[in-house]
Amino acid sequence: AGVDVLRSGGNAVDAAVATAMAAAVTMPEMCGLGGDLFAIVHAPGRPPRAFLGSGAAPMGASLEAVKAKGKPGLEGLKMPFRGPLSIGVPGMVDAWQTLLETFGSRSFSSLVQPAIGLAEVGFPVTPLLSFAIAECAGMLARNPAAAAVLLPGGRPPVVGDILRQPGLAATLRRLAGAGPRDFYEGDIARRIAADLEGLGGALSTSDLAGQQTVVEAPLTTTYRGLTVCQTGLPSQGLILLEALNIVEQAPSSLLAGGGDAAVHLMSEALK
């Protein structure tokens, strides 16, 4: 999807968005319309900009309700790893549009067409996707809507099976026609909020309507004479910058060797 955009004259941001849209269909174990987006774009002659497409927790999610549904964590706090109370406002769809409005040359509706085709016609299941669905088959089976898509015939798909997602195709087609803000302010937003409320979640239509992608200067540090940029909170970019500052204290020859000592140094720096 991305290469086709480049070959037809689109720019790097157009290609990245088209690729991300296709990946949201073909890699549901890693990303999807309900996920977040973090990006840094450096256009010629302009300072780099960081795009933070990550939504806040629902306003209606009380600490007591979240702790009651969660698992033990640091210092006795509990946060749910799965389920309706683990969900923040999905930021990716709005971030796609913000990227295109800021640096793109193609429209949302044109770039989403390959993803619509992949969802409607289907694609061959990869080894990673087959493994991920099998690992979560019990959880998916408890949700009829998820099971209908990801457990066709009542079983996890095997490598090479064609996975079709007609509901996702319909959602993408609506976004292409009504515009990406429908995900936050239109019929799609109302359906998301209603379904999550029925499952015991707290995400509301007002939470979705308030989502706006943050565009700001990236966090930076220096590393051996270079400037390194990363996205800020709530992403984990800060961790990489701190780790680079630690690793910089070691001789560059140690890292260039790529042996056990280099791996050990980098893993300890990331800790």
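The first residue in the sequence is number 1, and the count goes up from there. Values below: all heavy atoms of this structure, side chains included; hydrogens, waters and symmetry mates excluded.
Interatomic distance, CG of Asp14 versus OG of Ser105, reported as 3.5 Å (0.5 Å rounding). Here Ile188 contributes atom CD1 and Leu175 contributes atom CG; the two are 4.0 Å apart, rounded to the nearest 0.5 Å. Glu29 contributes atom CD, which lies 10.0 Å from atom CG of Leu150 (distance to the nearest 0.5 angstrom). Of the inter-residue distances, the one linking Ile40 atom CD1 with Ser235 atom OG reads 8.0 Å to the nearest 0.5 angstrom. Summarising the geometry, atom OG belonging to Ser54 is positioned 10.0 Å from atom CG belonging to Leu37; distances are rounded to the nearest 0.5 Å. Taking CD of Gln165 as the reference point, atom CZ of Phe123 lies at 5.5 Å (rounded to 0.5 Å).
Side chain of Gln211 to backbone of Asp207: no donor-acceptor contact under 3.5 angstrom is found. Not a single donor-acceptor pair under 3.5 Å links the side chain of Thr213 to the backbone N or O of Thr98. Although no hydrogens or angles enter the test, the distance criterion places a donor-acceptor pair under 3.5 Å between the side chain of Arg181 and the main chain of Ala209. His264 places no side-chain N or O within donor-acceptor distance of the main-chain N or O of Glu268, the cut-off being under 3.5 Å. Side chain of Thr26 to main chain of Ala22: a donor-acceptor pair is present (N/O by atom type, distance under 3.5 Å, no hydrogens or angles). With hydrogens and angles disregarded, no donor-acceptor distance shorter than 3.5 Å links the side chain of Gln97 to the backbone of Val93. Using modelled atom types, one side-chain atom of Arg164 and one backbone atom of Val121 make a donor-acceptor pair closer than 3.5 Å. A distance-only check finds no donor-acceptor pair linking the side chain of Tyr184 to the backbone of Val89 [under 3.5 Å]. A donor-acceptor contact shorter than 3.5 Å is absent between the side chain of Ser130 and the backbone of Thr126.
Phe103 and Val112 fall within a single hydrophobic cluster, where Ile, Leu, Val, Met, Phe, Trp and Tyr are joined by side-chain heavy atoms under 4.5 Å apart, directly or via other members. When hydrophobic clusters are built by joining Ile, Leu, Val, Met, Phe, Trp and Tyr residues whose side-chain heavy atoms come closer than 4.5 Å, directly or via intermediates, Val13 is not grouped with Phe38. Leu172 is connected to Leu208 through a chain of hydrophobic side-chain contacts under 4.5 Å among Ile, Leu, Val, Met, Phe, Trp and Tyr, so both are in one cluster. Taking hydrophobic clusters as Ile, Leu, Val, Met, Phe, Trp and Tyr residues chained together by side-chain heavy-atom distances below 4.5 Å, Met27 does not share a cluster with Leu163. Met266 is connected to Leu254 through a chain of hydrophobic side-chain contacts under 4.5 Å among Ile, Leu, Val, Met, Phe, Trp and Tyr, so both are in one cluster.
In terms of heavy-atom proximity, Val159 sits nearest to Pro127 at CG2-CA, 3.6 Å. Of all non-hydrogen atoms in Asp182 and Arg174, the two that sit nearest each other are OD2-NE, 2.8 Å. In this structure, Ile133 and Leu151 approach most closely via the heavy-atom pair CG2-CD2, 3.8 Å. The minimum heavy-atom distance linking Leu265 with Ala250 is given by the pair CD2-CB, 3.5 Å. Leu241 approaches Leu219 most closely through the heavy-atom pair CD1-CB, 3.7 Å. Across Glu248 and Thr222, no two heavy atoms sit closer than the pair OE1-O, 3.6 Å.
The shortest distance between side-chain heavy atoms of Pro58 and Ser204 does not fall below 4.5 Å. Side chains of Met92 and Asp36 form no contact here, defined as non-hydrogen atoms less than 4.5 Å apart. Side-chain atoms of Arg224 and Leu255, non-hydrogen and from C-beta on, do get closer than 4.5 Å to each other. Residues Ile239 and Leu270 meet the side-chain proximity criterion, which asks for heavy atoms closer than 4.5 Å. For the pair Ser8/Arg106, a side-chain contact is recorded, criterion being any heavy-atom separation below 4.5 Å from C-beta on. Using a 4.5 Å cut-off on side-chain heavy atoms (C-beta onward), Thr220 and Val228 make no contact. Side-chain contact check for Pro90 versus Leu33: every heavy-atom pair is 4.5 Å or farther apart. Residues Pro156 and Phe131 form no side-chain contact, since every pair of their non-hydrogen atoms from C-beta on lies 4.5 Å or further apart.
More than 12 heavy atoms of other residues, nucleotides or ligands lie within 6.0 Å of OH in Tyr223, so this atom counts as buried by the packing criterion. More than 12 non-hydrogen atoms from other residues, nucleotides or ligands lie less than 6.0 angstrom from CE of Met139. Annotation: Gln113, atom CD; neighbour count of heavy atoms from other residues, nucleotides and ligands within 6.0 Å is above 12. The number of heavy-atom neighbours closer than 6.0 Å to CD of Glu216, taken from other residues, nucleotides and ligands shown, is above 12.
Using cut-offs of 30° and 60° on the angle between ring planes, the pair Trp96 and Phe108 is tilted.
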Inset, instruction - Verify side-chain contact (heavy atoms from CB on, under 4.5 Å) between Met21 and Leu111, making sure each step is shown before the conclusion. - result: CA-CA 8 Å; Met21 290 170 166; Leu111 294 174; 4.1 Å; yes
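A salt bridge between Asp161 and Arg155 is present, with a side-chain N of the basic residue lying under 4.0 Å from a carboxylate O of the acidic one.
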